[in-house]
Amino acid sequence: MDKLEKVEKIRQKTGASYTDAVQALDICNGDILDAIVYLEQEGKINEQNVARFSSTSDEEKTSDTLASATAEYDKSSSKTTVGDGVDSFVAWAKKVFKKSVDTTFTVTKKGKEVIHVPVLVLVIALIFAFYVVLPVLVIGLFFEFRYHFEGVDKVTLDVNGFCDRAADGAVNMRNSATEASGNDVK
């Protein structure tokens, strides 16, 4: 198809002037469809001269479009209901509960296991007796108690390494305090 035929085709489809059609075809490197889109974006399409053919009326098209848009909206908005939020929270809570039961908190002294309980017990004790449990745990560090968590699948923070360093630091503080006071108690 030569340039003149393309220009005539663009003019038939858009109702644009000959000059506008030639200019659009040149800008779009001879592509008819791109030229029509370009003319539409530029607002140079003459709507009165454009013939439209359809097997349905405009009202039917509008109602079909509205119905499909409504159905799509209902489908997308139904994914974020309150019930779904509650369900996802319950699933998360079950996962955390299972992990807190499967993971254990172990207290040892000089290699001997003193206490071995699920982490859930430790969490409940911390919630209801925070001002008793936390000082007991800290004071236990000075008496060479060691704390470890067992059964953890994936830990992004080395909790057991932190517990060991805290225990070593407490023992070193206790030893330096006793050496400074002149008492060599171990």
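Criterion: ILVMFWY side-chain heavy atoms under 4.5 Å apart, direct or through other members. Under it, V138 and F149 are not part of a common hydrophobic cluster. Transitive grouping of hydrophobic side chains (ILVMFWY, heavy atoms separated by less than 4.5 Å) brings I124 and V107 into a common cluster. Each of V123 and V136 belongs to its own hydrophobic cluster when Ile, Leu, Val, Met, Phe, Trp and Tyr are linked at side-chain heavy-atom distances under 4.5 angstrom. When hydrophobic clusters are built by joining Ile, Leu, Val, Met, Phe, Trp and Tyr residues whose side-chain heavy atoms come closer than 4.5 Å, directly or via intermediates, I139 is not grouped with V132. One hydrophobic cluster, built from ILVMFWY side chains closer than 4.5 Å, cannot hold both V96 and I127; they sit in different ones.
Annotation: side chain of K3 is in contact with side chain of V22 (closest heavy-atom distance under 4.5 Å). Two residues are said to be in side-chain contact when any heavy atoms from C-beta on lie closer than 4.5 Å; K95 and K98 fail this criterion. With a 4.5 Å cut-off on side-chain heavy atoms, D164 and R146 count as touching. I36 is listed as a side-chain neighbour of I32, based on a closest heavy-atom distance under 4.5 Å. Side-chain contact between L122 and L137 is present, with heavy atoms from C-beta onward closer than 4.5 Å.
The structure places CG of D20 at 10.0 Å from CZ of R11, a figure rounded to the nearest 0.5 Å. We find the CD1-OH distance between I10 and Y18 to be 10.5 Å, quoted to the nearest 0.5 Å. Taken to the nearest 0.5 Å, the CG atom of D168 stands 10.0 Å off from the CD atom of E144. A distance of 5.0 Å separates NE2 in H148 from OG1 in T108, rounded to the nearest 0.5 Å.
Partners of Y38 under the ring pair (Phe, Tyr, Trp, His ring centres under 6.0 Å) rule, at least two apart in sequence or in another chain, do not exist in this structure.
Listed by first and then second residue, the ring-ring contact (aromatic ring centres under 6.0 Å, His included) pairs that reach into residues 108-136 come to none, sequence neighbours excluded.
Atom NZ of K9 sits in a sparse spot, with 12 or fewer heavy atoms from other residues, nucleotides or ligands closer than 6.0 Å.
Of all heavy-atom pairs between V171 and L141, the closest is CG2-O, 3.9 Å. Shown here for V133 and L126, the closest heavy-atom pair between the two residues is CG1-CD2, 3.7 Å. A pairwise comparison of heavy atoms in L39 and A16 identifies CD1-CB, 3.9 Å as the closest pair. Across all their heavy atoms, F143 and K109 have their closest contact at O-CE, 3.3 Å.
Residue V37 shares its hydrophobic cluster (ILVMFWY side chains chained together at separations under 4.5 Å) with no other residue.
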### Message
Apply side chain to side chain contact (heavy atoms under 4.5 Å, CB included) to residues Q23 and E42 and explain how you reach the verdict.
### Response
CA-CA 12 Å; Q23 181 184 12; E42 293 296 315; over 6 Å; no
